[in-house]
Amino acid sequence: MRVEIWSDIACPWCYIGKARFTKGLAGFAHRDEVEVVFRSFELDPNGPKGVSAPVVEMLAQKYGRTLEEARGMEEHVAQSARAEGLTYRTEGRDHGNTFDIHRLLHLAAARGRQEELLDLAYRANFAEERSVFDTGVLLALAVEAGLDEAEARAVLTDDSAYAEEVRADEREAAELGANAVPFFVLDRRYGISGGQPAEVFTRALEQAWAGRKVEEPAPAEGACEPDGACAVPQS
């Protein structure tokens with residue numbers, strides 16, 4: 001069975017949702033027979049390349065909040081991340097265009113290192129003092145993931161490299177009706193939106209394996225929409 005996950009490195013609920021899905025998959029009896037593929041989805045595809053801004057300032061501007069209120073929003077999401085055993089910095093992170101990251105992830109997929117690079121990019125963005133919007137950092141992450149440095153550099157310096165693959169993923173997401181991420185598609189038959197609890201993923205995998213209709217989970221707050229809008233759990 002194949003599970004496809006549309007996500008973006010800039011999406012905190014994708015970071016949390018991947019951890020929850022991994023736990024849910026661990027509880028699935030046929031987990032060794034599941035292929036997981038990660039697909040591209042940009043939250044801010046129109047954002048200028050090479051330009052980033054502090055996340056807290058972006059949230060304050062987008063939602064019309066004060067900086068202090070925006071920090072509170074980040075802390076709410078951080079609490080959900082920490083509950084999954086994830087490190088989540090609420091200060092010092094930036095936000096920007098993720099097209100280069102997605103192109104590099106397609107190279108990693110072609111070399112069998114996609115999840116390794118994805119995990120490193122999530123960790124750099126949410127847990128470490130490393131900007132994934134810096135080309136030097138991206139190149140270092142690619143090497144850490146096991147990619148050839150010269151090949152990764154060639155992709156990052158050629159804007160056309162794997163560009164069509166990213167756009168194809170995004171067109172497919174639109175065709176499937178995905179308007180927020182993370183978005184999970186099980187065996188091209190069932191879809192699940194948001195960073196659902198681990199047990200929801202386990203149950204969905206079991207039902208998909210058995211060929212039954214997957215129960216529609218309750219609407220999840222844990223999702224990010226285009227232009228970077230991410231639902232924040234209420235205190």
Side-chain angles (χ1 to χ4, degrees), residues 1-41 43 75-88 102 105 108-109 112-127 145 169-170 172-225 229-235:
M1 184 166 66
R2 171 180 281 196
V3 176
E4 295 162 279
I5 306 174
W6 273 262
S7 58
D8 192 8
I9 292 298
C11 164
W13 287 110
C14 297
Y15 177 49
I16 296 167
K18 183 179 184 298
R20 290 176 175 175
F21 172 78
T22 299
K23 291 178 182 177
L25 180 61
F28 178 52
H30 303 282
R31 56 187 172 275
D32 293 337
E33 298 175 72
V34 176
E35 176 192 13
V36 181
V37 179
F38 297 93
R39 302 293 190 191
S40 299
F41 189 105
L43 288 175
E75 184 56 40
H76 279 307
V77 179
Q79 289 173 8
S80 294
R82 291 165 188 157
E84 303 302 326
L86 300 171
T87 301
Y88 190 104
H102 286 295
L105 282 165
R113 307 299 293 175
Q114 187 185 43
E115 188 166 8
E116 288 82 357
L117 179 57
L118 182 65
D119 285 340
L120 286 168
Y122 274 141
R123 190 175 73 193
N125 189 42
F126 292 104
D169 278 356
E170 294 173 337
E172 198 161 20
E175 291 167 2
L176 291 169
N179 54 16
V181 286
F183 184 68
F184 302 79
V185 175
L186 285 65
D187 231 17
R188 281 292 161 137
R189 291 182 292 171
Y190 313 118
I192 298 176
S193 296
Q196 300 281 350
E199 58 269 22
V200 171
F201 288 118
T202 301
R203 185 167 64 249
L205 288 163
E206 291 170 347
Q207 292 173 338
W209 186 269
R212 298 194 297 266
K213 184 179 185 301
V214 174
E215 298 172 6
E216 186 67 24
E221 289 185 317
C224 295
E225 299 176 354
C230 297
V232 178
Q234 301 299 309
S235 57

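We count residues from 1, following the sequence as given.
The two atoms that bring Gly195 and Pro182 nearest to each other are N-CG, 3.9 Å, heavy atoms only. Taking every heavy atom of both residues into account, Pro12 and Tyr88 meet most closely at CB-OH, 3.6 Å. Nearest approach of Ala198 to Lys23, heavy atoms of both residues: CB-CB, 3.8 Å. Heavy-atom minimum distance, Cys11 versus Leu43: CB-CD1, 3.6 Å.
The CZ atom of Phe38 sits 4.5 Å away from the CD1 atom of Ile5 when rounded to the nearest 0.5 Å. Atoms CE and NE2, from Met1 and His30 in turn, are 8.5 Å apart once rounded to the nearest 0.5 Å. Put simply, CG on Asn179 and CZ on Phe41 are 7.0 Å apart, with the number rounded to the nearest 0.5 Å. For the atom pair NE2 of His102 and CG of Asp169, the computed distance is 9.0 Å after rounding to the nearest 0.5 Å. A distance of 12.0 Å separates CG in Leu186 from CH2 in Trp209, rounded to the nearest 0.5 Å. We find the CD-CG distance between Glu4 and Asp187 to be 9.0 Å, quoted to the nearest 0.5 Å.
Put simply, the side chain of Arg31 gets close to the backbone of Ala26: a donor and an acceptor are under 3.5 Å apart. Of the possible donor and acceptor atoms, none in the side chain of Trp6 sits under 3.5 Å from a partner among the backbone N and O of Val185. Judged purely by atom type and a 3.5 angstrom limit, Arg20 has no side-chain atom pairing as donor or acceptor with the backbone of Glu84.
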Practice task
Give the C-alpha distance, both sets of side-chain angles, the deciding distance and a yes or no for side chain to side chain contact (heavy atoms under 4.5 Å, CB included) between Leu25 and Val36.
Solution key: CA-CA 10 Å; Leu25 180 61; Val36 181; 4.3 Å; yes

Handout entry: Residue pair Val34, Phe28: steps toward the side chain to side chain contact (heavy atoms under 4.5 Å, CB included) verdict
Key = CA-CA 10 Å; Val34 176; Phe28 178 52; 3.6 Å; yes

Practice task
Mind running ring pair (Phe, Tyr, Trp, His ring centres under 6.0 Å) on Phe184 and Phe21 for me, showing each step along the way?
Solution key: CA-CA 9 Å; Phe184 302 79; Phe21 172 78; 5.6 Å; yes

Handout entry: side chain to side chain contact (heavy atoms under 4.5 Å, CB included) evaluation trace for Trp13 with Ser80
Key = CA-CA 9 Å; Trp13 287 110; Ser80 294; 3.6 Å; yes

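With respect to Arg82 and Glu75, a salt bridge is recorded, a charged nitrogen being found less than 4.0 Å from a carboxylate O.
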Could you list the donor-acceptor pairs under 3.5 angstrom formed by side chains in residues 120-127, with sequence neighbours left out?
unit_1 : atom_1 : unit_2 : atom_2 : d
Arg123 : NE     : Glu128 : OE2    : 2.9
Asn125 : ND2    : Ile9   : O      : 3.0

